[in-house]
Structure formats: structure tokens, C-alpha cells
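In this chain, residues are counted from 1 in sequence order.
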Amino acid sequence: MIRVLGLIPARGGSKGVPGKNIKLLAGKPLLAYTAAAALAAQHLSRVVLSTDDEQIAAVGRACGIEVPFLRPAELAQDHSPTLPVVQHALRTLEAAGEQFDAVCLLQPTNPLRRAVDIDACITLFEREQADSVVTVLPVPAEYNPHWVYFRAADGSLRLSTGESTPIPRRQALPPAFHREGSVYVTRRDVILEENSLYGQRVLGVELDPARSVNIDTPDDWAHAEALLQTTG
């Protein structure tokens, strides 16, 4: 069995929903939902919180997550990319003598993700020897790349696929997917040596849209509370 690090990134200073990582959602800190799913997953070797904020760290510990380090402030800015955060966590843990084959990135802003979703991604990742596995949702037919146009500089429309004419029938459209955001499993060498969260061989685990929400705004927060009331 491969060793997979469960990494939960939760910085302070959120702008869209202030303090959202520890704000109460349906009576529990937002972070608690991801912590519970990660700790219940059978295929994670260790679950670690990466944060720059002592208050978030305290909530994380109360939820049962390890906080073996604090993230540097320069990796916790509004526009800090995710990849350096993951690389920092891996390198810090490796410097302490611990090795992992892959990282499972779990954003706290996806509270409906379940342990079975995490395990399904890791199982597929290991079985198919993928560079990465991500959760995905189906793209509605009207947004399928075979029906989507880009506007050229001269004002003309061009299909995103590069084809000259669109596929005429909905039933003939190939399935298309977009990133769902709940789970990213990536090979350690892809992260550290290729500087990527994806690599070349990317596979997807399709989730139910009714169990998916990504909280960025107050409207997203209200939607998540409504979903939690119906899905539990």
C-alpha cells in the first residue's frame, strides 16, 4: 500500500467569507467537515493541517488533525498559489524523516466531500498508476467544448475544439467534465520534480453534483447550509 499524505490547507485572512475556515457551518467549524472525512478515510497514512494562523491551528487540533508546522506568511497571501503550499508541506515533513508516495489535497471549502470519495480517488490513483486523480463533475451539454465558441480578434467565432462545424445532436456529444475541487491526489515526484499538481496522466472520479459545493462567497455559504440540511 502506498503512503499518502492527507493535506488540508487553511490559511487565515479570507476575504470572500471572513474567517470562513473556522466559521460555524450548520453548528460546526467549516474545517471540521474536511477533518472528519480525512480522518475517516482508510487510505490516508497521515492527515496534516497547513496553516499560518494559530487560531485555525487550534481548531484543527481540536478536530483531531496534526499541525506539525506553521506555514510561512509568504505562502498564505490572497494570491498565493496552491502548489508551493503543497511543496512546503512535503519538504518540511521529509526533512523530519517522513516519506510519502503521494499527497491528497483536501480544501476545507468543500464540506460535503466524504471519506469514500477520498478512498475512491486513492484507489484509482494506485490501481492505474496515474500521475494524479481529481474529482470531477459532468459539464452540461450546452457547455460541452464541441458547442463552445471563442471569439477571435476579428470578431469571428471559432469552436473551442478547433473543428469547423459543431456536432449537431446532443446525443452524439462525448462526455465532458470539469474539476470539482474536493479531492486532488498527486504523485510526490510530480509535485516536487515536475512542479505540477497534475502531471501527464490525469484521471477523474465523478461525483454527484447534489453533493458538491465550493464555498467562496456568502451565497455559497448559504447554499452549503441548505445542502447539509438535506444531505447530512
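A heavy-atom distance below 4.5 Å is found between the side chains of Pro138 and Pro209. With a 4.5 Å cut-off on side-chain heavy atoms, Pro111 and Ile215 count as touching. Side-chain contact between Gln107 and Thr82 is present, with heavy atoms from C-beta onward closer than 4.5 Å. Two residues are said to be in side-chain contact when any heavy atoms from C-beta on lie closer than 4.5 Å; Val48 and Val67 fail this criterion. Gln87 places a side-chain heavy atom less than 4.5 Å from the side chain of Asn195. A 4.5 Å side-chain heavy-atom check between Ile191 and Ser196 finds every atom pair outside the cut-off. Two residues are said to be in side-chain contact when any heavy atoms from C-beta on lie closer than 4.5 Å; Pro166 and Tyr149 meet this criterion. Annotation: side chain of Val136 is not in contact with side chain of Leu207 (no heavy-atom distance under 4.5 Å).
Grouping the Ile, Leu, Val, Met, Phe, Trp and Tyr side chains by contacts below 4.5 angstrom, directly or via other members, places Leu7 apart from Leu70. By the rule that hydrophobic residues join a cluster once side-chain heavy atoms approach within less than 4.5 Å of another member, Ile8 and Tyr184 end up as members of separate clusters. The cluster map of Ile, Leu, Val, Met, Phe, Trp and Tyr, joined by side-chain heavy atoms under 4.5 Å apart, puts Ile167 and Leu159 in different clusters. Put simply, Val202 and Leu83 are part of the same group of oily side chains (I, L, V, M, F, W, Y) that touch within less than 4.5 Å, one to the next. Grouping the Ile, Leu, Val, Met, Phe, Trp and Tyr side chains by contacts below 4.5 angstrom, directly or via other members, places Leu39 with Val185.
Closest approach of Asn144 and Pro174 over heavy atoms only: ND2-O, 2.8 Å. The two residues Ala115 and Ala37 have their closest heavy-atom pair at CB-O, 3.4 Å. In terms of heavy-atom proximity, Ala41 sits nearest to Ile118 at CB-CG2, 3.9 Å. Nearest heavy atoms, Leu24 versus Pro29: CD2-N, 3.5 Å. The heavy-atom pair separating Leu75 from Ser80 by the smallest distance is C-OG, 3.5 Å. Taking every heavy atom of both residues into account, Val213 and His223 meet most closely at CG2-CD2, 3.7 Å.
Taking CZ of Phe125 as the reference point, atom CG of Leu203 lies at 9.5 Å (rounded to 0.5 Å). Taken to the nearest 0.5 Å, the CD atom of Glu94 stands 8.5 Å off from the CZ atom of Phe100. Expressed to the nearest 0.5 Å, how far CG of Leu197 lies from OG of Ser132 amounts to 8.5 Å. Separation of atoms CD (Glu126) and CG (Asp101) is listed at 8.5 Å; rounding is to 0.5 Å. To the nearest 0.5 Å, atoms CG (Leu49) and CD1 (Ile56) are separated by 7.5 Å. Here the CG atom belonging to Asp220 is positioned 9.5 Å from the OG1 atom belonging to Thr109, to the nearest 0.5 angstrom.
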Candidate pair Val183 and Leu106, rule side-chain contact (heavy atoms from CB on, under 4.5 Å), full reasoning
CA-CA 5 Å; Val183 184; Leu106 303 167; 4.1 Å; yes
Give the C-alpha distance, both sets of side-chain angles, the deciding distance and a yes or no for side-chain contact (heavy atoms from CB on, under 4.5 Å) between Val86 and Leu105.
CA-CA 8 Å; Val86 180; Leu105 181 66; 4.0 Å; yes
Report the C-alpha distance between Asp117 and Arg211 in whole Å, list the side-chain angles of each, state the deciding distance to 0.1 Å, and finish with yes or no for salt bridge (Lys or Arg N to Asp or Glu O under 4.0 Å).
CA-CA 11 Å; Asp117 302 324; Arg211 289 199 59 89; 5.5 Å; no
Evaluate the criterion side-chain contact (heavy atoms from CB on, under 4.5 Å) for residue pair Asp119 and Leu44; output intermediate values, then yes/no.
CA-CA 8 Å; Asp119 286 332; Leu44 291 177; 5.7 Å; no
Step by step, work out the side-chain contact (heavy atoms from CB on, under 4.5 Å) result for Arg46 and Glu98.
CA-CA 10 Å; Arg46 186 179 182 185; Glu98 191 155 14; 2.3 Å; yes
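Under the 6.0 Å cut-off for aromatic ring centres, His88 and Phe69 qualify, their centroids lying closer than that.
For Gln129, the CD atom sits in a loose shell: 12 or fewer heavy atoms of surrounding residues, nucleotides or ligands are nearer than 6.0 Å. For CD of Gln200, the number of neighbouring non-hydrogen atoms (other residues, nucleotides, ligands) closer than 6.0 Å is 12 at most. A 6.0 Å sphere centred on OH of Tyr143 holds no more than 12 heavy atoms belonging to other residues, nucleotides or ligands. The neighbour count for Arg179 CZ, taken as heavy atoms of other residues, nucleotides or ligands under 6.0 Å away, does not exceed 12. Residue-environment remark: CD (Gln55) stays at or below the threshold of 12 foreign heavy atoms within 6.0 Å.
Screening Leu90, Leu93, Val190, Thr186 against Val103 for a side chain to side chain contact (heavy atoms under 4.5 Å, CB included) leaves a single residue, Leu90.
Between the side chain of Trp147 and the backbone N or O of Ala141, no donor-acceptor pair lies under 3.5 Å. Judged by distance alone, with hydrogens and angles left aside, the side-chain atoms of Asp52 form a donor-acceptor pair with the main-chain N or O of Gly12 at under 3.5 Å. Put simply, the side chain of Asp131 gets close to the backbone of Arg201: a donor and an acceptor are under 3.5 Å apart. Under a 3.5 Å cut-off, the side chain of Ser45 and the backbone N or O of Val4 do form a donor-acceptor pair. Judged by distance alone, with hydrogens and angles left aside, the side-chain atoms of Asn21 form a donor-acceptor pair with the main-chain N or O of Arg11 at under 3.5 Å.
In this structure, a donor-acceptor pair under 3.5 Å is present between the side chains of Glu163 and Thr161. Donor-acceptor pairing under 3.5 Å is recorded for the side chains of Thr34 and Arg113. If you check the side chains of Arg114 and Tyr33, you find no donor sitting under 3.5 Å from an acceptor. Looking at Asp154 and Ser156, their side chains do bring a donor and an acceptor atom within 3.5 Å of each other. Between the side chains of Ser50 and Arg71, a donor-acceptor pair is found at a separation under 3.5 Å. Using modelled atom types and a 3.5 Å distance limit, the side chains of Glu180 and Asn214 yield no donor-acceptor pair.
Judged by a 6.0 Å distance limit and a 45° cone about the ring axis, Lys23 is positioned over the six-membered ring of Trp221.
Look at Arg188 and Glu193 and you find a salt bridge, because one of the NZ, NE, NH1 or NH2 atoms lies within 4.0 Å of a carboxylate O, short of that distance.
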